[in-house]
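Step one of this worksheet: look at the structure below.
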Amino acid sequence: MSPAAASSTIRVTLPDGSVKEFDGPVTAYQVAESIGSRLAKAAVGAKIDGELADLQAPITQDCKLAIVTEKTREGNADPDALYLLRHSTAHVMAEAIQRIVPGAQLVYGPPLDTGFYYDIRFPDDRPLKEGDFEAIEAEMAKIVKEDRRFTRYELDAPKGLEKLKGEGSKYKVDNAERAIAASGANGAEGVMLSWYATGEPGKNWEDLCRGPHVPSTGRIGGFKVMSLASSYWHGDETSDRLTRVYGTAFFSKKDLDEYLDRLEQAKARDHRVIGKQLRLFHIDETVGQGLILWTPNGAVVRKELQRFISEELNKQGYLEVFTPNIGRLELFRTSGHFPYYADSQYPPVIERESLAALAAEGCSCAQLSNKLSAGDIDGYLLKPMNCPFHIKIFDSAPHSYRDMPVRLAEFGTVYRWEQSGELNGMTRVRGFTQDDAHLFCTPEQVQAELLGCLSLVKIIFGTLGMKDYRVRVGLRDPDSSKYVGNPENWDKAEAACREAAKTLGVAFSEEPGEAAFYGPKIDFVVKDVIGREWQLGTVQVDYNLPERFDLSYIGPDNKPHRPVMIHRAPFGSMERFCGVLIEHFAGAFPSWLSPEQVRVLPISEKTNDYAERVLAQLKAAGIRATIDTGNDRVQAKIKHAAEMKIPYMAVVGPRDAEEGKVSVRARGVQHDLGAMPLADFVDGLKAEIAERRAELGVKPA
RNA sequence: GCCGCUGUAGCUCAGUGGUAGAGCGCACCCUUGGUAAGGGUGAGGUCGUGGGUUCAAGUCCCACUAGCGGCUCCA
């Protein structure tokens, strides 16, 4: 700063619009003090012109300033404050780890939404284990107790680099070089690098860091080292392997405990946990990794969802088809799936004669692989996608422009070789059934067809009450060559997707690099209970496959024209969708989806006969009902039914039997709703199911 | 695929080198009870698989396998 600037008046505008004037540079802390000592004490950082900064950062010119405190005015945790705290805790953890494991080299330690991590390179003979967490936390506790100030200092880039090189950490040198490059400066001249000492520079631990941080370690009220993972330097799997240590931190122990408690509760909602409890699906080691066995209860949910979507498809003029699970390699060579994606498919199946002939000539595995790639021998592939089959159906008869669009739909099961570490319950599997369809249309129809597809997705999400999703428009990555097709078509398709997405009335993000190799797409993405994102529905425009398969239709000019394809799957896959849906409802499905819709609970054996008659009438009405004639007391029967999250219980005793009534108890309600005539209950429930209502609404008149 | 953790009864889990346990569920018996667990008896286990150390291994070591968390990947 120049002396002139230092002496001039500085106007600081606060969030309420008020302006404070200062004679010369001040810090955010001083501004806070000038407002009130309590604010100064509560302050953990500042936002200067919208940028997070240290409380001690000098303010040398007019600016907008907000003091960041632990809690917002509304009393909620302030995300900015947590960001500062967690970034600071990452430093504390790194210091603790370096005390415990000498020679551990720091790489990169950013805050996250729920905590922070630090990527660290450990000596090969001293990897970090979970057993080290206790010692790390103990060291961290000491540092927190010492309440050391985070102190920033700067060096110009040449000096800074020299210092880092002297310290021998190639990772920190790399970080500095990247920071210099990112600054846009030509070379290192004039660029400043910053360090933060946890305490006094030169005396205490320090780290090359852009900051900002909370004022001191004493602000860290609750923290925990959470987990270990392996990661790659710069995210590049051919580069150095690093150990990523995850942790989290809060301003108070209470907040930490609440967070850990929430994590526990989320686990109870996990589809893998509920899937077991409610016996919805099973994965068996002997069957194979990532292959879902749909048990009877889960099969009901899936079947009802399929029936739902099939009804919608009928309304929208789709035609249903069936295709086999395997097809000739030749088909997938034409489509481009083989061999370009060979690594993510199950290996090909080879015909018996070919195999025998190859064995006779002593063919090695490597040679076999080459022959398959080259097309010297044929084989069959478990299908990784349904589209080539649907294309062949389209191509099996000539089409006039008057027939277009042709919409072919199938619940088609596909198989993909996902990496073992990726598999995850029902949400990431190796065999799954897409609610797939391929629309063959004229270029003019693309826009309207896209809209039709999106409306389908909206109907599904609306019926199921899923509001918490985001829409992603996947565009090609300009730097990548993995895409096929000509740029003009890509431009057209991308524009069509963008236009269609706009009509959704939901915010969407455009993401370069997220396109399929054959075209851009619109994806619907939801989060699971632990915050991981999963893509569900997808709509993809494809100018490529019609080209590869030389598809055509006859236009009004009596000449062949190239159709455009749209791939779409509103659920995505039945497996992933059901997995997400289980978590969405926490297993408490609406009546129409519930595997068991009503359980009849006789109060004692004396009412079993009447209960059986009630059951028979429910079943006759097409309701999925069961009866519990065990010799438990009704309290126990209710508990068991509640644990299975059954929508309705029909409690029947002598009083009900006499009047032809049932005492209905709805899920989530602590008492019965009163006795009602059986016929009323049946009618009410039938309507609720038929309308696919999201809420339980049957009650006595 | 990579790093860490985990694998004991159908489910949830205890068991730290010396005779395999609990709760729930299941079967049977008693109880016939009106809204979230009545009581009893019993069956059920090559402790993920294969090696090793040891007089002795569910327990310690190695390899493999599967699951979990993350990384990378995802047509």
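So you know, we letter chains A, B, ... as the sequences are listed, proteins then strands, and number each from 1.
Of the candidate nucleotides B/G38, B/C2, B/A36, B/C2 has the atom lying nearest to any side-chain atom of A/Tyr232. Of the candidates B/G70, B/G33, B/U35, B/G33 carries the atom nearest the A/Arg633 side chain, counting heavy atoms from C-beta on. Taking the side chain of A/Lys639 as heavy atoms from C-beta on, and the options B/A36, B/G33, B/A66, the nearest nucleotide is B/A36. Across B/A75, B/U12, B/G38, the shortest atom-to-atom separation from the side chain of A/Gln540 is found for B/A75. Picking from B/U35, B/G4, B/G34 the nucleotide with the shortest atom distance to the side chain of A/Glu130 gives B/G4. Nearest nucleotide to the side chain of A/Ser604, out of B/A36, B/G34, B/G33: B/G33. Nearest nucleotide to the side chain of A/Tyr341, out of B/A75, B/A37, B/C71: B/A75. The side chain of A/Ser420 lies closest to B/G1 when the candidates are B/U35, B/G1, B/U12. Of all nucleotides listed (B/A37, B/G10, B/U32), B/G10 comes nearest to the side chain of A/Arg279. Closest to the side chain of A/His337, out of B/A37, B/U35, B/A75, is B/A75.
Rounded to the nearest 0.5 Å, atoms OG (A/Ser227) and CZ (A/Phe133) are 6.5 Å apart.
In this structure, A/Tyr117 and A/Tyr246 have tilted ring planes: the angle between them lies in the 30° to 60° band.
The shortest non-hydrogen separation linking A/Ala496 to A/Val446 is CB-CG1, 4.2 Å.
Going from the P atom of B/A43 to that of B/C62 covers 39 Å, rounded to whole Å. Between the C1' atoms of B/U12 and B/U6, the separation comes to 15 Å (whole Å). Nucleotides B/G17 and B/G67 are separated by 28 Å at their C1' atoms, to the nearest Å. B/A20 and B/U46 have their C1' atoms separated by 13 Å, with the value rounded to a whole Å.
Residue contacts shown for A/Gln635 are limited to sugar-phosphate atoms, with no base heavy atom under 4.0 Å away. Among the heavy atoms of the strands, none lies under 4.0 Å from A/Leu242. Note on A/Ser335: nothing from the nucleic acid sits closer than 4.0 angstrom, heavy atoms only. Across all strands, A/Asp343 comes closer than 4.0 Å to no nucleic acid atom at all (heavy-atom distances). Nucleic acid contact class of A/Gln345 (heavy atoms, under 4.0 Å, all strands): base. Note on A/Leu423: only backbone sugar-phosphate atoms sit closer than 4.0 angstrom, heavy atoms only; bases stay farther off. As judged by a 4.0 angstrom heavy-atom cut-off over every strand, A/Gly668 is placed among residues making no nucleic acid contact. Residue contacts shown for A/Gly653 include a base, since a base heavy atom lies under 4.0 Å away. Contacts of A/Tyr518 with the nucleic acid, taken as non-hydrogen atoms under 4.0 Å apart, involve only primed sugar atoms and P, OP1 or OP2.
Relative to the six-membered ring of A/Trp417, A/Arg430 meets both conditions, a distance below 6.0 Å and an angle of at most 45° to the axis.
Of the listed residues (A/Lys392, A/His390, A/Lys383), just one forms a side chain to side chain donor-acceptor pair (under 3.5 Å) with A/Thr323, and that residue is A/Lys383.
Rounded to whole angstrom, the span from the CG atom of A/Asp284 across to the C1' atom of B/G10 amounts to 13 Å. In this entry the distance linking CZ of A/Arg532 with C1' of B/C74 reads 15 Å, nearest Å. Note: OH (A/Tyr118) to C1' (B/G70) measures 19 Å, nearest angstrom. The nearest whole Å value for the distance from the CD atom in A/Glu511 to the P atom in B/C74 is 14 Å. Atom CZ in A/Phe281 sits roughly 19 Å away from atom P in B/G10 (whole-Å rounding). When the P atom of B/C74 is taken as reference, atom CG of A/Asp523 falls 14 Å away, rounded to whole Å. The CD atom of A/Gln419 sits 13 Å away from the P atom of B/C3 (whole-angstrom rounding). Protein atom CE of A/Met385 is 5 Å distant from nucleotide atom C1' of B/A75, rounded to whole Å.
A distance of 6.0 Å or more separates the ring centres of A/Trp294 and A/Phe281. Aromatic rings of A/Phe338 and A/Phe332 (six-membered ring for Trp) have centroids beyond the 6.0 Å cut-off, not under it. The aromatic ring centres of A/Phe681 and A/Tyr648 sit less than 6.0 Å apart. With ring centers used as reference points, A/Phe250 lies under 6.0 Å from A/Tyr259.
Residue A/Arg244 places no side-chain N or O under 4.0 Å from the OP1 or OP2 atom of B/G4. OP1 and OP2 of B/G39 both lie 4.0 Å or more from every side-chain N or O belonging to A/Asn631. Contact check, A/Lys637 against B/G34: no side-chain N or O comes under 4.0 Å of OP1 or OP2. In this structure, A/Arg272 reaches the B/C68 phosphate: one of its side-chain N or O atoms is under 4.0 Å from OP1 or OP2. A sub-4.0 Å separation between OP1 or OP2 of B/A66 and a side-chain N or O of A/Gln289 is present. OP1 or OP2 of B/G25 sits under 4.0 Å from a side-chain N or O of A/His640.
Of the residues near RNA chain B, A/Ser227 and A/Gly630, the one whose nearest nucleotide (by heavy atom distance) lies more toward the 5' end is A/Gly630. Nearer the 5' end of RNA chain B, as judged by each residue's closest nucleotide, is the contact made by A/Thr243, out of A/Ala642 and A/Thr243.
A donor-acceptor contact shorter than 3.5 Å is absent between the side chain of A/Gln277 and the backbone of A/Arg272.
At a cut-off of 3.5 angstrom, counting only N and O atoms as typed in the model, there is no donor on one side facing an acceptor on the other between the side-chain of A/Ser231 and the base of B/C71. Between the side chain of A/Arg416 and the base of B/C73 there is no donor-acceptor pair of N/O atoms closer than 3.5 Å.
Contact annotation: the side chain of A/Lys224 approaches that of A/Leu256 to within less than 4.5 Å [non-hydrogen atoms, C-beta and beyond].
Paired runs in RNA chain B that reach 3 or more consecutive Watson-Crick or G-U pairs, where each pair keeps both distances under 3.5 Å, cover B:1-7 with B:65-71, B:10-13 with B:21-24, B:26-30 with B:38-42, B:48-52 with B:60-64.
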